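Remember, it's a predicted structure, so these values are computed and weren't measured experimentally.
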Amino acid sequence: MDARQNTSARETAELWPPLPYEEWKDTCNTLHMWTQIVGKVRMELTPLVNHWWNVTFYLTARGLTTSPIPYHGGTFEVDFDFIDHNLFIQTSEGTSKAMPLIPRSVADFYREFMEALRSLNINVIINTLPSEVTNPIRCNEDFVHASYDPEYARRFWRILVQSDKVFKAFRSQFIGKSSPVHFFWGSFDLAVTRFSGQRAPERPGADRMTREGYSHEVISCGFWPGDDRFPAPAFYSYTSPEPPGLKEASIRPGQAFYSPELSLFILRYDDVRNSGEPEKTLMEFLQSTYEAGANLAHWDREALER
């Protein structure tokens with residue numbers, strides 16, 4: 001291997017760093033709850049946009065942002081900085097507050113964050129019960145989750161940055177309705193979703209979140225750091241409603257598979273980062289799973305694609 005290949009391998013390792021779930025799951029779970037607190041503030045203060053697009057975060061050059069949130073006569077935004085490990089609240093009046101991202105309980109984070117908002121004359125009440133998690137603990141009472149490893153938080157963000165670039169390139173080839181590439185703090189994943197333009201059948205017994213999120217036919221893909229059900233970071237793709245035959249569809253690359261437990265296609269992150277061509281490998285997964293779902297669901301691909 002020559003020097004250029006060695007450099008390329010080092011660059012790939014930096015751009016697509018290892019993220020073993022078991023080694024950072026305590027930080028992952030704590031950070032998940034912190035993002036829920038910030039995200040619920042955005043949800044309370046913004047008008048509903050289809051499929052809950054008003055609540056999501058976006059990638060920045062340093063971390064994640066709420067983007068501007070309207071409040072009275074101005075706006076404010078909240079930013080997670082995973083380079084210097086701070087949380088910033090900045091207002092359109094020019095005022096700001098900062099909080100260090102350090103090991104601390106979710107309850108302590110909640111208390112300091114809400115006090116920081118009040119000091120900026122931002123008064124908001126949120127539902128303190130976390131969303132989309134098993135065995136939730138109210139964030140103002142959660143002293144269980146109290147970890148923060150800055151190196152693993154930085155690695156997670158680096159993976160989001162690289163994934164965001166590939167997802168945006170994938171999104172650019174679709175001219176139908178498509179979501180932004182955005183980060184959902186409930187499910188703790190980065191996602192982009194394509195729409196066929198057709199309404200989906202109603203789901204009997206579905207809650208309000210599910211009814212709004214899946215009111216129309218979709219093919220969605222994303223990156224997720226894993227949890228106790230699937231303790232490994234992975235890329236995923238699913239078609240909803242799922243058409244007959246999707247489970248058996250041929251997809252690429254060869255390491256990708258359909259998970260009957262999760263009802264979606266999975267490509268492990270480690271298979272992407274170790275492939276030698278992570279961006280190409282990931283794009284192959286996104287495109288092949290989209291084609292499988294769109295063909296079997298009889299989407300009008302000629303009208304929807306460039």
Side-chain angles (χ1 to χ4, degrees), residues 24-49 52-133 135-154 156-157 160 182-188 209 225:
W24 88 295
K25 68 178 182 180
D26 292 341
T27 291
C28 181
N29 291 333
T30 301
L31 184 58
H32 187 182
M33 294 302 99
W34 292 354
T35 63
Q36 290 228 3
I37 293 166
V38 175
K40 284 172 179 281
V41 168
R42 185 178 185 209
M43 183 168 67
E44 287 295 330
L45 296 177
T46 54
L48 177 65
V49 176
W52 302 105
W53 293 354
N54 59 299
V55 308
T56 54
F57 296 166
Y58 306 95
L59 266 291
T60 71
R62 301 185 67 91
L64 290 165
T65 183
T66 59
S67 75
I69 299 169
Y71 188 76
H72 292 178
T75 63
F76 71 98
E77 65 184 23
V78 184
D79 296 289
F80 286 87
D81 179 342
F82 295 124
I83 294 178
D84 290 334
H85 302 285
N86 290 299
L87 181 91
F88 296 103
I89 310 169
Q90 301 177 89
T91 77
S92 55
E93 284 76 41
T95 55
S96 64
K97 293 287 286 188
M99 290 171 49
L101 298 179
I102 56 175
R104 69 165 99 197
S105 70
V106 172
D108 287 343
F109 179 95
Y110 170 81
R111 176 186 51 77
E112 184 172 342
F113 177 65
M114 299 306 282
E115 286 177 357
L117 289 177
R118 286 191 291 270
S119 75
L120 296 170
N121 297 314
I122 299 167
N123 296 292
V124 58
I125 297 173
I126 66 170
N127 179 358
T128 57
L129 191 67
S131 306
E132 300 181 65
V133 295
N135 304 315
I137 307 169
R138 290 195 177 275
C139 53
N140 57 324
E141 301 170 356
D142 184 357
F143 294 95
V144 174
H145 301 104
S147 300
Y148 187 77
D149 184 323
E151 172 58 22
Y152 277 107
R154 186 193 69 86
F156 176 56
W157 166 70
L160 295 180
H182 47 192
F183 185 84
F184 282 94
W185 42 263
S187 46
F188 208 57
M209 184 193 74

Could you tell me whether the side chain of [Y] reaches within less than 4.5 Å of the side chain of [X], counting heavy atoms only?
X: Thr65; Y: Tyr58; result: yes
X: Arg118; Y: Asn123; result: yes
X: Phe113; Y: Ile89; result: yes
X: His145; Y: His32; result: no
X: Arg138; Y: Asn127; result: yes
X: Trp34; Y: Leu87; result: no
X: Phe109; Y: Met99; result: yes
X: Arg62; Y: Asp84; result: yes

Say you draw a straight line from [atom1] of [X] to [atom2] of [Y]; how long is it, rounded to the nearest 0.5 Å?
X: Thr128; Y: Asp142; atom1: OG1; atom2: CG; result: 10.5 Å
X: Asp79; Y: Thr60; atom1: CG; atom2: OG1; result: 6.0 Å
X: Glu93; Y: His72; atom1: CD; atom2: NE2; result: 11.0 Å
X: Ile122; Y: Lys97; atom1: CD1; atom2: NZ; result: 11.5 Å
X: Leu101; Y: Asn86; atom1: CG; atom2: CG; result: 6.0 Å
X: Trp185; Y: Met43; atom1: CH2; atom2: CE; result: 4.0 Å

Please confirm whether the backbone N or O of [Y] pairs with a side-chain atom of [X], one donor and one acceptor, at under 3.5 Å?
X: Thr27; Y: Asp149; answer: yes
X: Arg42; Y: Ile69; answer: no
X: Ser131; Y: Gly186; answer: no

Looking at every heavy atom in both [X] and [Y], which two are closest together, and how far apart are they?
X: Pro150; Y: His85; result: O-CE1, 3.1 Å
X: Phe143; Y: Asp108; result: CE2-OD1, 4.0 Å
X: Phe82; Y: Gly63; result: CD1-CA, 3.8 Å
X: Gly74; Y: Ser92; result: CA-OG, 3.4 Å
X: Thr46; Y: Pro70; result: CG2-CD, 3.8 Å
X: Ile83; Y: Ala61; result: CD1-O, 3.9 Å

Show your reasoning for whether side chain to side chain contact (heavy atoms under 4.5 Å, CB included) applies to Met33 and Ile137. CA-CA 10 Å; Met33 294 302 99; Ile137 307 169; over 6 Å; no
Would you call the rings of Phe76 and Tyr71 parallel, tilted or perpendicular, taking 30° and 60° as the class edges? perpendicular
Any chance you could lay out the side chain to side chain contact (heavy atoms under 4.5 Å, CB included) test for Asn140 and Met114, step after step, and finish with the verdict? CA-CA 10 Å; Asn140 57 324; Met114 299 306 282; over 6 Å; no
For side chain to side chain contact (heavy atoms under 4.5 Å, CB included), just list the numbers for Val78 and Val41, CA-CA rounded to whole Å, side-chain angles, deciding distance to a tenth of an Å, and then say yes or no. CA-CA 10 Å; Val78 184; Val41 168; 5.9 Å; no
Can you tell which of Phe80, Trp53, Trp157, Phe188 makes a ring-ring contact (aromatic ring centres under 6.0 Å, His included) with Phe183? Phe188
What I want to find out is whether Glu44 reaches Lys40 closely enough, with some N-O distance under 4.0 Å, to be called a salt bridge.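 Salt bridge: no.
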